[in-house]
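Report on one structure; see the data block that follows.
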Number of protein chains: 2
Amino acid sequence: MTGGSYVRLEDVARHAGVSLATASRVLQGSSHRGRPEYRAKVMASAAELGYIPNPHARALAANTSDTIGLVIHDVRDPYFALIAGGAIDVATARGQFVTMACTYRDPELEARYIANLRAQRVRAIILAGSAFVDAATSKAMTTELESYYNAGGSVVSITRHRLPGDCLVVGNRSGAADLARRLVDLGHTSFALLAGTTRLVTIRDRVAGFKKGLAESGIEVDPAFEVSGTFDHDGGLRATQQLLASGRLPTCIFASNDVMALGALTALRRAGVDVPGEVSVAGFGDVVMARDFVPTLSTVHLPLEEMGAHAMELALRDERGSSPRKVTINGEVVLRESTGPAASRRRR
Amino acid sequence: MTGGSYVRLEDVARHAGVSLATASRVLQGSSHRGRPEYRAKVMASAAELGYIPNPHARALAANTSDTIGLVIHDVRDPYFALIAGGAIDVATARGQFVTMACTYRDPELEARYIANLRAQRVRAIILAGSAFVDAATSKAMTTELESYYNAGGSVVSITRHRLPGDCLVVGNRSGAADLARRLVDLGHTSFALLAGTTRLVTIRDRVAGFKKGLAESGIEVDPAFEVSGTFDHDGGLRATQQLLASGRLPTCIFASNDVMALGALTALRRAGVDVPGEVSVAGFGDVVMARDFVPTLSTVHLPLEEMGAHAMELALRDERGSSPRKVTINGEVVLRESTGPAASRRRR
DNA sequence: CCAACGCCTGAAAGCGCTTCCCGAATCGTA
DNA sequence: TACGATTCGGGAAGCGCTTTCAGGCGTTGG
């Protein structure tokens, strides 16, 4: 980036026959209303010369920028890809830029990255991804974020309580409880739980909600049926194989996210267990593949893309909300092919 | 972003008892080697005060920035999510920022975005996503990119020929031809092609390569077996249903990408057609779900994440290559459960 | 022992934009 | 018509950093 000539504001001003200050005021649009003929002239000149302001100069002078920081767990994970997609689209439509990082839930990496975003004077920071149950882990990151927030920056977090700024929280507890009720209605009485890491608040909530839903009907989960594993396809697969190896199967398996549920489905299929004839399977999240798998997966639908878009809209509000708002997004149970009436025990 | 106090270079300099210029030179590291005691003092002061340079001031003065522009088709598409993931990780590791946009193959949006990236003086632009066969469509975008390139910026494109700068090109033709040969070896003689949009260079190449591979064994594709559809799961599903409705099935279906192949698998499963017993199915790309589906999908593996990482590395080379380099990435055929020996015609 | 030569350092001039401040112009009203 | 109240435009001072330009000092060679 050495050469290259750029049209500067000064060029526009001269071309329009006004001062630099006036040109600047006109182009920022905002509330300024100068002499209409000046406005017109400046706009015309800018268009004619193909003027694009130097964002760095602007940022330096005004101490703000037109970029938003997006910090997520991992783009490769469809859950976050959807959120990011929704957020990015809104930003692009509003002429804002998005700088994105994947932090893989590493609190230290998060902290460093946030510090950099602050130095960049980003307009807002959007943070997606559940925190660890152990709040102390993310102390450094929280501090960093607070100092950004206190300096006037907007913060919007998704699924992450206790952070400054606005927050979109997913009704994990209630969604899972709803799902449990629906499954109980189908006649299920014995359940397995594939929990993934219980260190994540999100997962803990889903599990707790599910248990609560069952408890309303007096159903408890056999501890032997609570299997944990990694939070991905493979985790679901292995956990289910473990279940299969134990020789005893529940009538229904709840995985704390869709990808794990898909893994469970695969394991069952390979073992020749009929779904939903013998065992029903349900997940949480409604990631794209849930609809495309065979059998299609019953799950709790989360409007991930809309959540990303909503987060970006909150982030871009002109004025930072006087009082931080907390929006709860409730999932909706969607029963598809992977669940069915409980097979009567005798018949097996 | 109003309040907030930041440590400036001046503070560091004063604290270290040197001039601003010296502090600047030390902190940029680079080749400068001043008096060692000064170096040490400055470094220590910077660390002690928690100095983070203002990237905008730096960008303004030096006319470069520490950010890379990443322009992709769509984050939600796992193919691009993987590329983006690989690229972002490399950038983060090197202390660079990534600003990302999804342009949905809209050439006009691409052009606008690239112009903005240029104005931002990004260090490099990485562009992923096949172009349309019709080159004229992306004229504006190409022009914009050229003017960026000529101004000294680095450009790395993935799967996109004829653009200035370096290019990672996927061996679509050869990969598809390899796949075809392997399928022929399995005894298949009648093939269906689910092509998706043939307006994309990538797809056109895959189809052409596949046909070439078949032709080597004197096999041609029955025109009735060339079905096109949208480039996604649903497209593969519908195309296959169309095939099923026609009453005649090939022994093998090749979909020009994995998601379509997964759609085909779903359609066949629903219709009760055994895979690979009656029909074999293969895709292209080896997106994560290909390995996790039931049956697991035979496909051409593309090292997408590595491609993203590689692209970023090219983009971050200190000096822009004197002559733009073109790296060809060859896919590797992976036969999994969705393909098998051709069922003998008689036996059906 | 002195001149010529390097290497460092610090002062200062921008990079392109925003915004404060003040004089000029405009408007309303008596 | 004239005067104060407003509004608007232009000059100029930065925003925080890089980099040029001299000048200072320590070396080396004659």
Side-chain angles (χ1 to χ4, degrees), chain A residues 1-42 45-46 49-66 116 118-121 123 151-152, chain B residues 1-42 45-46 49-66 116 118-121 123 151-152:
Chain A
M1 293 287 352
T2 320
S5 68
Y6 295 86
V7 181
R8 289 158 311 158
L9 182 55
E10 194 191 327
D11 304 322
V12 174
R14 189 173 324 114
H15 186 275
V18 300
S19 78
L20 209 103
T22 304
S24 172
R25 281 184 284 245
V26 167
L27 286 174
Q28 286 172 63
S30 71
S31 55
H32 171 82
R33 41 184 211 310
R35 257 196 283 179
E37 65 258 43
Y38 278 17
R39 283 193 62 80
K41 259 192 190 168
V42 171
S45 300
L49 300 178
Y51 172 69
I52 301 184
N54 179 327
H56 298 298
R58 188 203 281 263
L60 184 58
N63 204 38
T64 13
S65 73
D66 280 348
N116 283 322
R118 178 159 111 89
Q120 272 193 49
R121 271 69 165 176
R123 243 196 178 33
Chain B
M1 292 292 342
T2 320
S5 68
Y6 294 86
V7 181
R8 288 160 310 157
L9 183 56
E10 193 191 329
D11 304 322
V12 175
R14 191 176 319 115
H15 187 276
V18 300
S19 79
L20 211 110
T22 303
S24 171
R25 280 185 283 245
V26 167
L27 287 174
Q28 289 172 60
S30 70
S31 56
H32 171 84
R33 42 184 210 308
R35 257 197 282 181
E37 64 256 43
Y38 278 15
R39 282 192 63 80
K41 257 191 191 168
V42 171
S45 300
L49 300 178
Y51 171 68
I52 300 184
N54 180 325
H56 298 298
R58 188 202 281 263
L60 185 57
N63 203 39
T64 11
S65 74
D66 279 349
N116 283 322
R118 178 159 111 91
Q120 271 192 50
R121 272 68 165 175
R123 241 193 180 32

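Computed from heavy atoms alone, side chains included, the values below leave out hydrogens, waters and symmetry copies. Within every chain, numbering begins at 1; the chains are lettered A, B, ... in the order of the sequence lines, protein sequences first and strands thereafter.
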It should be established whether Gln28(B) places a side-chain nitrogen or oxygen under 4.0 Å from OP1 or OP2 of nucleotide dC17(D). no
Ala40(B): partners by side chain to side chain contact (heavy atoms under 4.5 Å, CB included), with sequence neighbours left out: none
Listed partners of Asn54(B) passing side chain to side chain contact (heavy atoms under 4.5 Å, CB included), at least two apart: Leu60(A), Arg121(A), His56(B), Ala57(B)
Rounded distance [0.5 Å steps], OG1 in Thr64(B) versus CD in Gln120(B): 13.0 Å
How many Å lie between CG on Asp66(A) and P on dT18(C), as a whole number? 10 Å
Are Ser24(B) and dT18(D) close enough that a side-chain N or O sits under 4.0 Å from OP1 or OP2? yes
Can you check the Arg8(B) CZ to dT18(D) C1' distance for me, whole Å? 16 Å
If you round to the nearest 0.5 Å, how far is CZ of Arg39(A) from OG1 of Thr22(A)? 11.5 Å
My understanding is that only residues two or more places apart in sequence, or in another chain, count here; which of them pass side chain to side chain contact (heavy atoms under 4.5 Å, CB included) with Ala23(B)? Leu9(B), Ala13(B), Val18(B), Val42(B)
Go through residues 52-60 of chain B and report each residue with a non-hydrogen atom lying under 4.0 Å from DNA chain D, sorted by number. Pro53(B), Asn54(B), Ala57(B), Arg58(B)
Please list, for nucleotides 10-13 of chain C, all pairs of protein and nucleotide N/O atoms separated by less than 3.5 Å.
from	atom 1	to	atom 2	distance (Å)
dG10(C)	OP2	Ser19(B)	N	3.1
dG10(C)	OP2	Ser19(B)	OG	3.2
dG10(C)	OP2	Thr22(B)	OG1	2.6
dG10(C)	N7	Arg25(B)	NH2	2.7
dG10(C)	O6	Arg25(B)	NH1	3.2
dG10(C)	O6	Arg25(B)	NH2	3.4

Whole-Å distance between dC8(C) P and Glu37(B) CD? 12 Å
Rounded to 10°, the angle between the first-five-pair and last-five-pair axes of the helix from dC1(C)-dG30(D) to dA30(C)-dT1(D) is 30°
For atom CZ of Arg121(A) and atom P of dC17(C), their distance in whole Å: 19 Å
Can you measure from OG (Ser24(B)) to CZ (Arg58(B)) and round to the nearest 0.5 angstrom? 7.5 Å
Locate the shortest heavy-atom distance separating Ala119(B) from Pro55(A); write the atom from each residue and the value. O-CD, 3.4 Å
Does any non-hydrogen side-chain atom of Leu27(B) lie less than 4.5 Å from one of Tyr51(B)? yes
By side-chain hydrogen bond (donor to acceptor under 3.5 Å, both in side chains), Tyr38(A) pairs with (sequence neighbours left out) Arg35(A)
Between Tyr6(B) (OH) and dG14(D) (C1'), how many Å, whole number? 18 Å
Those residues at least two apart in sequence (or on a different chain) that pass salt bridge (Lys or Arg N to Asp or Glu O under 4.0 Å) with Arg8(A) are Glu10(A), Asp11(A)
Ser45(A) (side chain) donor-acceptor with Lys41(A) (main chain) under 3.5 angstrom: yes
